[in-house]
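As the structure is a prediction and not an experimental result, all values here were calculated from the model. We number each residue from 1, following the sequence as shown. Scope of the values below: all heavy atoms of this structure, side chains included, with no hydrogens, waters or symmetry mates.
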Amino acid sequence: MPDLRRDDIEDAEFVFTIYDCDGEQNKIDANDLGDVLRALGCNPTLAYIKKLGETEKRGEKIIPIEEFLQIFNEVKNQKDQGCYEDFIECLKLYDKREDGKMVLAELSYALLALGETLTQDQVDAVFADCMGEENDDGEVDYIPFLAKMCGKE
């Protein structure tokens with residue numbers, strides 16, 4: 001059995017009821033692996049998720065909860081994943097006046113071109129869900145944006 005706390009296991013079981021692919025609440029499609037891990041507060045890279053067994057198409061592989069708990073434990077104990085504080089430090093590089101604001105176009109560029117890039121549709125969706133108002137200088141408060149995006153709010 002993985003070295004997970006009881007509440008981690010209960011959270012995983014709950015998420016399985018949402019992503020359950022067969023109605024028995026104990027299996028997910030491997031295509032949903034990244035989404036399930038993110039729903040549980042993890043932030044593994046896309047490459048790492050593929051290494052763990054995520055498939056490109058639905059129906060190629062099914063993951064039972066016992067196998068998933070081992071994957072979840074591995075991801076939770078992995079040190080090489082970004083966190084809220086890391087993202088804040090990254091965006092501070094764009095905060096020219098050190099006032100918690102950055103130009104929206106620079107944030108969009110960062111999401112589209114740096115690291116594990118997003119598509120324009122994904123950026124638009126993230127902005128629609130998490131972005132506050134842009135000021136007259138084209139700037140946004142990036143800390144509330146990150147808080148919403150990372151579920152810290």
Side-chain angles (χ1 to χ4, degrees), residues 1-19 28-58 61 63 65 67-153:
M1 184 58 136
D3 189 22
L4 294 169
R5 297 186 336 248
R6 182 71 209 149
D7 59 328
D8 288 333
I9 294 170
E10 289 171 359
D11 290 346
E13 289 170 343
F14 174 72
V15 171
F16 256 64
T17 65
I18 296 168
Y19 286 90
I28 60 167
D29 193 296
N31 182 255
D32 294 326
L33 182 59
D35 293 335
V36 173
L37 289 167
R38 285 185 207 95
L40 290 165
C42 297
N43 191 32
T45 64
L46 296 175
Y48 190 56
I49 294 169
K50 292 255 184 261
K51 179 182 161 200
L52 293 169
E54 183 181 61
T55 58
E56 295 202 17
K57 294 185 220 166
R58 300 194 76 66
K61 180 180 175 186
I63 300 175
I65 194 155
E67 181 181 340
F68 175 76
L69 290 174
Q70 293 172 349
I71 292 169
F72 182 36
N73 185 55
E74 180 179 332
V75 172
K76 279 190 69 78
N77 292 318
Q78 184 201 30
K79 302 298 181 211
D80 189 28
Q81 52 180 319
C83 67
Y84 172 72
E85 291 77 16
D86 294 338
F87 298 141
I88 287 176
E89 289 304 312
C90 222
L91 293 184
K92 280 183 179 179
L93 298 171
Y94 297 94
D95 185 355
K96 293 171 182 44
R97 291 190 305 262
E98 298 179 3
D99 62 355
K101 296 182 185 319
M102 70 180 289
V103 176
L104 180 61
E106 289 180 333
L107 178 57
S108 180
Y109 170 78
L111 294 173
L112 288 167
L114 304 175
E116 289 194 61
T117 60
L118 300 177
T119 66
Q120 185 63 56
D121 288 341
Q122 291 170 322
V123 170
D124 292 344
V126 167
F127 283 178
D129 290 344
C130 303
M131 186 57 67
E133 293 294 318
E134 183 178 4
N135 69 18
D136 292 338
D137 295 326
E139 298 173 322
V140 293
D141 294 315
Y142 61 87
I143 293 176
F145 165 74
L146 283 175
K148 269 188 176 178
M149 197 171 88
C150 295
K152 296 286 185 184
E153 202 176 49

Determine all donor-acceptor pairs shorter than 3.5 Å in which one atom belongs to a side chain in residues 118-129; sequence neighbours excluded.
| unit_1 | atom_1 | unit_2 | atom_2 | d |
| --- | --- | --- | --- | --- |
| T119 | OG1 | Q122 | N | 3.1 |
| T119 | OG1 | Q122 | OE1 | 3.3 |
| Q120 | NE2 | D124 | OD1 | 2.8 |
| Q122 | OE1 | T119 | N | 2.7 |

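Here R5 does not pair with E10 in a salt bridge; the nearest charged N to carboxylate O distance is not below 4.0 Å. Salt-bridge check for K96 with E106: passed, with a basic side-chain N closer than 4.0 Å to an acidic carboxylate O.
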- Mind running side-chain contact (heavy atoms from CB on, under 4.5 Å) on F145 and V140 for me, showing each step along the way? CA-CA 8 Å; F145 165 74; V140 293; 6.0 Å; no
- Task: Please step through side-chain contact (heavy atoms from CB on, under 4.5 Å) for the pair L33 and T55, ending with a clear verdict.
- Result: CA-CA 8 Å; L33 182 59; T55 58; over 6 Å; no
- Task: Go through Y48 and V75 one step at a time and tell me if the side-chain contact (heavy atoms from CB on, under 4.5 Å) criterion holds.
- Result: CA-CA 9 Å; Y48 190 56; V75 172; 3.8 Å; yes
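Y19 and D35 share no side-chain donor-acceptor pair at under 3.5 Å.
Of all heavy-atom pairs between D29 and N31, the closest is OD1-N, 2.8 Å. Heavy atoms only, all atoms of each residue included: A30 and G53 are closest at CB-O, 3.5 Å. Closest of all the heavy-atom pairs between Y142 and K101 is CE2-N, 3.6 Å.
Going from atom CG of D95 over to atom SG of C90 covers 13.0 Å, rounded to the nearest 0.5 Å. Atoms CD1 and CD, from I63 and E54 in turn, are 8.5 Å apart once rounded to the nearest 0.5 Å.
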